[in-house]
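Let me begin by presenting the structure, written as structure tokens, before commenting on it.
Letters A, B, ... mirror the listed sequences (proteins, then strands); counts begin at 1.
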Amino acid sequence: MAIQAPKGTKDVTPAESYKWQYIEKLAREICDDFGYSETRTPVIEHTELFLRGVGDTTDIVQKEMYTFDDKGGRSITLKPEGTAGAARMFLENSLFNEPQPTKMYYLYCPVFRYDKPQAGRLREHHQFGVEVYGAPLASADAECIQLALTLLNRAGVKGLSVNINSIGCPSCRPKYNDRLKEYLGSNFDGLCATCKSRFEKNPLRILDCKEEKCKTICKGAPTILDCLCDTCAAHFEELKACLAGIDVEYQVDPFIVRGLDYYTKTVFEIIAQSESYSGTVCGGGRYDGLLEQLGGPEMPGIGFGMGMERLLLIAELSGAHFPLPRQTEVYIATMGEEARKVGFTLVNNLRVKGVKAEFDHVGRSFKAQFKYANKLGARFVAVLGDDELDRGAVKLKDMNTSEEEYVNIPALAKTIKERLD
RNA sequence: GUGGGUGUAGUUCAGCGGCUAGAGCGCCAGAUUGUGGCUCUGGAUGUCGUGGGUUCAAAUCCCAUCACCCACCCCA
């Protein structure tokens with residue numbers, strides 16, 4: 001093959017797009033029920049947005065962004081996540097002047113990260129996510145988690161678990177950072193190179209390191225939950241109460257820190273586990289300081305991102321069934337030139353009346369048209385030959401029962417609809 | 001960024017120094033010149049990933065390269 005799709009990208013073929021459309025329809029319906037409206041933002045943003053929003057100590061920004069200079073010399077980045085762009089959109093359109101909260105979602109949002117691809121991890125993937133601004137209460141956090149769970153459940157994903165944590169706010173995290181640095185400092189030489197560089201700027205991320213030696217050191221580290229200020233501790237308790245109130249089972253995992261620096265207070269991950277798969281499908285949290293950090297007003301935010309390719313993969317591995325697309329209702333099989341002309345007019349008339357009708361564009365033999373109709377799963381075949389032309393009718397064959405009957409051409413659409421019910 | 005595996009027909013794969021490179025599935029056609037599914041028969045499709053090397057002889061061995069898959073890291 002001459003040209004292949006770039007590494008880490010994936011085509012959706014016409015035969016499988018119905019699965020995507022099904023998930024997208026579910027997501028839209030659920031968001032509508034929950035009162036979220038769709039937003040669409042550009043695939044490219046100024047690199048500056050992610051440096052300030054996502055955080056320049058994160059792996060995403062340090063080594064995974066698709067960044068380039070455009071012809072005007074501006075540094076442009078393909079978005080590596082959905083929140084920063086949504087926040088920029090919120091500020092640029094002065095949505096903070098509207099009554100709050102602002103509840104929005106994005107769907108099939110392309111996200112780019114330069115990383116080694118493998119199952120469920122692509123360089124270009126698509127996210128479904130929600131963003132809520134102007135809602136300080138923990139019930140909003142619980143609502144987001146519930147929205148994500150509702151979609152995952154309705155998509156048929158099995159083996160879900162919700163893990164939550166709080167990573168504090170600017171008033172309590174510095175204290176925790178000091179305690180953490182005090183603890184880690186005494187083991188500094190044992191840390192990996194990356195963690196040594198994280199030590200000054202963002203020691204919290206060291207807890208997230210998967211290097212064995214760092215993990216061992218982190219085991220005895222003080223946890224942030226012991227250091228939360230009264231506000232953050234109360235928020236976390238409120239979240240737990242809200243989740244309990246809607247029967248959402250959860251686990252507290254004090255080691256979740258997330259890969260993005262903008263998070264404050266609540267962070268959460270939804271993990272899917274099956275025999276053949278185990279991984280995060282959904283991750284999110286609260287980012288009360290983000291808008292301010294981007295030059296906007298002081299206004300809280302919360303949201304999550306969900307990888308759609310992963311969702312689809314895990315749903316299928318869970319044995320989920322997606323409703324099949326509508327099959328061809330009638331195939332017009334013709335014999336001879338005159339019948340072809342009449343047949344093409346007929347197929348268009350049927351479509352106008354809302355019948356899913358199909359017609360031969362290949363020049364197959366009459367017999368082959370039948371075979372093809374069968375392959376399409378057509379419920380009926382309307383036969384049009386010299387006999388039928390003389391009678392002004394088609395011979396309509398029910399492909400399930402093999403029964404045939406003559407139907408006058410003007411009555412065909414109506415007859416097919418009746419038979420289908 | 002680190003480590004492992006695999007590249008042969010549309011697809012899943014067999015062949016692992018030696019005859020004209022094969023099979024299942026799929027595709028096309030015929031058996032049935034006005035009728036599908038099942039069956040039978042026939043057919044088409046390959047720069048054996050790419051480039052180089054070893055050899056009388058390479059899909060097969062060696063080197064390089066590219067792509068894909070997997071694990072780690074990270075993440076959705």
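- Salt bridge status for A/K265 with A/D288: present, with a side-chain N to carboxylate O gap under 4.0 Å.
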Salt bridge (charged side-chain N to carboxylate O under 4.0 Å, His left out) evaluation trace for A/K414 with A/E418: CA-CA 6 Å; A/K414 190 163 169 264; A/E418 282 169 9; 3.6 Å; yes
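- Looking at heavy-atom distances under 4.0 Å, A/G120 makes contact with a base.
- Formation of a donor-acceptor pair under 3.5 Å by the A/N153 side chain with backbone atoms of A/L149 is found in this model.
- When each of B/G34, B/G36, B/A76 is scored by its nearest atom to the side-chain atoms of A/K397, the top-ranked nucleotide is B/G36.
- A donor-acceptor contact under 3.5 Å links the side chain of A/R113 to the base of B/A76.
- Across all strands shown, B/C13 forms a Watson-Crick or G-U wobble pair, both distances under 3.5 Å, with B/G22.
- Atom CD in A/E388 sits about 11 Å away from atom C1' in B/U35, given to the nearest Å.
- In this entry the distance linking NZ of A/K7 with P of B/U65 reads 13 Å, nearest Å.
- No donor-acceptor pair under 3.5 Å is formed between the side chain of A/R113 and the backbone N or O of A/I60.
- Residue contacts for A/A119: at a heavy-atom cut-off of 4.0 Å it reaches the sugar-phosphate backbone alone, with no base atom in range.
- The distance between atom CD of A/Q118 and atom C1' of B/U2, rounded to the nearest whole Å, is 13 Å.
- Residue contacts shown for A/L122 include a base, since a base heavy atom lies under 4.0 Å away.
- The base of B/C70 does not come close enough to the side chain of A/R121 for any donor and acceptor atom to sit less than 3.5 Å apart.
- For the pair A/L151 CG and B/A76 C1', the computed distance is 13 Å after rounding to whole Å.
- The pair A/K397-A/E405 fails the salt-bridge criterion, with no side-chain N (NZ, NE, NH1 or NH2) lying under 4.0 Å from an Asp/Glu carboxylate O.
- In the region residues 32-48 of chain A, proximity to RNA chain B at under 4.0 angstrom, judged on heavy atoms, holds for none of the residues.
- Residue order along RNA chain B, read from the 5' end via each residue's closest nucleotide, puts A/V383 first among A/V383 and A/E64.
- Rounded to a whole Å, the CG atom of A/D398 is 14 Å from the C1' atom of B/G37.
- The pair A/E309-A/R121 does not meet the salt-bridge criterion, since no charged nitrogen lies less than 4.0 angstrom from a carboxylate oxygen.
- Look at CG on A/D115: it is 7 Å from C1' on B/C75, rounded to the nearest Å.
- Remark: C1' of B/U2 and NZ of A/K63 are 11 Å apart, rounded to the nearest angstrom.
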One character per nucleotide, please: for nucleotides 25-30 of chain B, 5' to 3', B when the base has a protein heavy atom closer than 4.0 Å, S when only the sugar-phosphate does, - otherwise. --SSS-
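- For the pair A/H125 NE2 and B/C75 P, the interatomic distance rounds to 13 Å; values are reported in whole Å.
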Heavy-atom protein contacts under 4.0 Å, nucleotides 5-10 of chain B, coded B base, S sugar-phosphate only, - none: ------
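- Judged purely by atom type and a 3.5 angstrom limit, A/Y176 uses its side chain to pair as donor or acceptor with the backbone of A/P222.
- Donor-acceptor pairing under 3.5 Å, judged by distance alone, is absent between the side chain of A/N374 and the base of B/G37.
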May I have the step-by-step check of salt bridge (charged side-chain N to carboxylate O under 4.0 Å, His left out) for A/D398 and A/R419, ending in yes or no? CA-CA 9 Å; A/D398 184 325; A/R419 297 286 183 281; over 6 Å; no
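- Across all strands shown, B/U65 forms a Watson-Crick or G-U wobble pair with B/G49, both key distances being under 3.5 Å.
- Applying the 6.0 Å contact sphere to CZ of A/R351 captures more than 12 heavy atoms from other residues, nucleotides or ligands.
- Side chain of A/E81 to main chain of A/T83: a donor-acceptor pair is present (N/O by atom type, distance under 3.5 Å, no hydrogens or angles).
- The pair A/K103-A/E143 meets the salt-bridge criterion, with a side-chain N (NZ, NE, NH1 or NH2) lying under 4.0 Å from an Asp/Glu carboxylate O.
- Side chain A/Q369 to base B/U35: no donor-acceptor pair is found below 3.5 Å.
- Looking at A/D360 and A/R340, a side-chain N of the basic residue comes within less than 4.0 Å of a carboxylate O on the acidic one, giving a salt bridge.
- For B/C73, the OP1/OP2 oxygens have no side-chain nitrogen or oxygen of A/K116 closer than 4.0 Å.
- Under the Watson-Crick and G-U wobble criteria, each requiring two contacts below 3.5 Å, nucleotide B/G43 is paired to B/C27.
- The base-pairing partner of B/G3, taking Watson-Crick or G-U wobble contacts with both distances under 3.5 Å, is B/C70.
- Figure legend. B/U33 is base-paired to no nucleotide; pairs are counted as Watson-Crick or G-U wobble with both atom distances under 3.5 Å.
- With salt bridges taken as basic N to acidic carboxylate O contacts below 4.0 Å, one links A/E29 and A/K25.
- Donor-acceptor pairing under 3.5 Å, judged by distance alone, is absent between the side chain of A/E404 and the base of B/G34.
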